[in-house]
Structure formats: C-alpha cells, structure tokens
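Every number for a ligand or one of its atoms is a count from 1 in the order of the listing.
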Amino acid sequence: MADANAGTETATAAGPAEEELAGAGLRLEVDGAVATVTLNRPERRNAMTFATWRGLAAIGRSLPEGVRVVVLRGAGPSFSAGIDLSMFSGGGEGFADGSDAAATDRFIAELQEGYTWLRRPDIVTVAAVHGHVIGGGFQLALACDIRVAADDVKFCMKEPALGLVPDLTGTKPLVEIVGIGRALELCLTARTVQAEEAARLGLAEIVVPRDGLDAAVGGLVESLLAVNPGAAVATKRLLWEAAENTLEQQCAAERREQIGRLRELFGK
Ligand code: ACO
C-alpha cells in the first residue's frame, strides 16, 4: 500500500475498461489479493456522479476471484465531497425526478448496487478516508467493513440540508454504529464530525496522522491477509448476521460455520 502503483495490474478483461472507469472518476488497481479503488476526480474533490456509482457496482460484479481485501480511497485533498451538485442543476444523464415512483425506485436501487457489494462476505472492505467525507462519500465509507481515518477527516451527512434523505445505503450502518439519537442529531443538523469524535463514536476504527494513512491501511491489509481465507469469510458472515439474529439463532449460526471450518481443517 505504501506505493499503490507498485506491481499492479488493472481490472480483468471481464471488468469495466480503464477508460470507462476514468470517465466515472474511478481507478481500479488489483495487486494479487488486494483491490484498490480510488475516487479520482481530485479537482472536484471526488464528487460522485451516477456514472461513479454504476462504475462501483461494475467493479463489485467483476472483481477477480482471488481478491480478498478491497480498499477505497480518495485522490487529492478529500475522500469525497458527495454527489456532484451539477447533477441537480443539469439533471444528469438518466436523472429520475420522482414523478414516476416505480422508475425512480429502480433508478436508486441501481445506484445502491454501487454500495451493497461492499458487505459481501468473500471480501473485507476498508475505507481509507481523509479530508471531507460528505453525503454519498460518507455513505460509501459506512458501506465498508472498516474505516481508517486520517486526523484531518471531516464526516458530514449533508443530504437533509439539501432537502433529501441519505439513500445510498448509509442510514442502517450509521444507526448501527452511533445509535438512533446520535444518527438523528448528525443527519438533521448536517454538522461535521472530526477525527477525535469520529473515533469516539466508532465511525473510524483507526485514526492516524494524515501522512501515515497509506502505511496504516497497508499494515491493516497485511494483517487481514494473514488470516485463513475461509475463516475470514465465515467470520465476516457470522458477525454481520449477529445484529439481526436472536441469541439462539446466532449460536446455531456459530455451530454451522464451525462445522464448515472443522471439515476444511481436519478433512472429513
Ligand atoms: N459537486 C460538484 N463540484 C464540487 C463538489 C460537489 N459536491 N464539491 C466540490 N466541488 C468543486 C468546487 O465547485 C470547486 O470547483 P472550482 O475549482 O471549479 O471552483 C472544486 O471542486 C474545489 O472545491 P472547493 O470548494 O474550492 O474546495 P474546498 O477544499 O475549499 O472545499 C468542500 C471542499 C467543503 C467539499 C466544498 O467544495 C463543498 O462544500 N462542496 C459541496 C459538498 C456538498 O454539498 N455535497 C453534496 C452532499 S449530499 C450527497 O452527497 C447526496
């Protein structure tokens, strides 16, 4: 991770073309078991368009099989300033204004696919965030399993201040992480949460100085890859189920996953 470009290759033939991703403000580098997705419109503070979200979904659909860890990062001074505000004024290609509820529902569902794959159990997803992490960018970080933040991070859920709701899958993880009261306070005031508070609220698992972000993420990735792959997949599946399950269901899920592990390890 220290040198994100060392020994890397671009997306597989089945995945989106490099130029297509570049047009969507994205860059994908796959280095063995690690895929790094960079939000790459620094001159626009990595503001995201519909193409960005479709590009993220395409990356999720076409990840090479051996990828175990996906890192999301932002180029330039910020992780992401959220939706590209010109999408509102210019309409944006394929913009759905809500007049056709079914079409708008499908439209948003398609964009949400850019986020939902990050919960897949076969990969661990890490958001490496710095600078502004706003709206759709904040939701992207929330869609990841683990957030590593630089000490200049500024999280803000801006949507309600613009008359909208956060609709890119972020409301559930936000409430799960900070609780309903804090989630309401953060969303309805659209205030900015800085690094120290983010760590306290659990919005960032790790906070490091800005110039140590790449190294911290590299170290985390190394640790994640050191774990048995099957155990990592089964444990992620188990942990994400925990909040929804009763204790009884979760105990049963633990037994089921452990039987799979024991079979793999001891070969019956
Ligand atoms: N959409 C489109 N362009 C943007 C966006 C955006 N969300 N954010 C920044 N830019 C552009 C700016 O217009 C500016 O362009 P210019 O150089 O042509 O003037 C350039 O990126 C740099 O932005 P600055 O404002 O100069 O950078 P600064 O570091 O001072 O501020 C900040 C960054 C705080 C992120 C500010 O740009 C901002 O508030 N952006 C809007 C954030 C926003 O409201 N996002 C929507 C959230 S809701 C959602 O995501 C659904």
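Remark: Thr235 engages Leu239 in a side-chain contact (heavy atoms from CB on, under 4.5 Å) (not counting sequence neighbours). Evaluation of the ring-ring contact (aromatic ring centres under 6.0 Å, His included) rule for Phe138 yields Phe155 as partners, not counting sequence neighbours.
Ring orientation note: the planes of Phe50 and Phe107 are nearly perpendicular, at an angle over 60° on the 30°/60° scale.
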Go through the steps for Arg44 and Asp84 under the test salt bridge (charged side-chain N to carboxylate O under 4.0 Å, His left out), then give the verdict. CA-CA 8 Å; Arg44 284 269 165 269; Asp84 189 318; 5.0 Å; no
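Between atom CZ of residue Arg68 and atom CD1 of residue Ile123 there is a gap of 12.0 Å, rounded to the nearest 0.5 Å.
Here side chain to side chain donor-acceptor pair (under 3.5 Å) pairs that include residues 150-171, with residues two or more places apart or in two chains, are Gln139-Glu159.
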Are there any protein N or O atoms under 3.5 Å from the N or O atoms of ligand 1? List them with distances, or say none.
{"residue": "ligand 1", "atom": "1 (N)", "partner": "Leu85", "partner atom": "N", "Å": "2.9"}
{"residue": "ligand 1", "atom": "7 (N)", "partner": "Ala81", "partner atom": "O", "Å": "3.2"}
{"residue": "ligand 1", "atom": "7 (N)", "partner": "Ile83", "partner atom": "O", "Å": "2.9"}
{"residue": "ligand 1", "atom": "15 (O)", "partner": "Arg44", "partner atom": "NH1", "Å": "2.6"}
{"residue": "ligand 1", "atom": "18 (O)", "partner": "Arg44", "partner atom": "NH1", "Å": "3.2"}
{"residue": "ligand 1", "atom": "21 (O)", "partner": "Glu43", "partner atom": "O", "Å": "3.3"}
{"residue": "ligand 1", "atom": "27 (O)", "partner": "Arg45", "partner atom": "NE", "Å": "3.3"}
{"residue": "ligand 1", "atom": "27 (O)", "partner": "Arg45", "partner atom": "NH2", "Å": "3.4"}
{"residue": "ligand 1", "atom": "29 (O)", "partner": "Arg45", "partner atom": "NE", "Å": "3.2"}
{"residue": "ligand 1", "atom": "44 (O)", "partner": "Lys158", "partner atom": "NZ", "Å": "2.9"}
{"residue": "ligand 1", "atom": "45 (N)", "partner": "Ala81", "partner atom": "O", "Å": "2.7"}
{"residue": "ligand 1", "atom": "50 (O)", "partner": "Ile83", "partner atom": "N", "Å": "2.7"}
{"residue": "ligand 1", "atom": "50 (O)", "partner": "Gly136", "partner atom": "N", "Å": "2.9"}

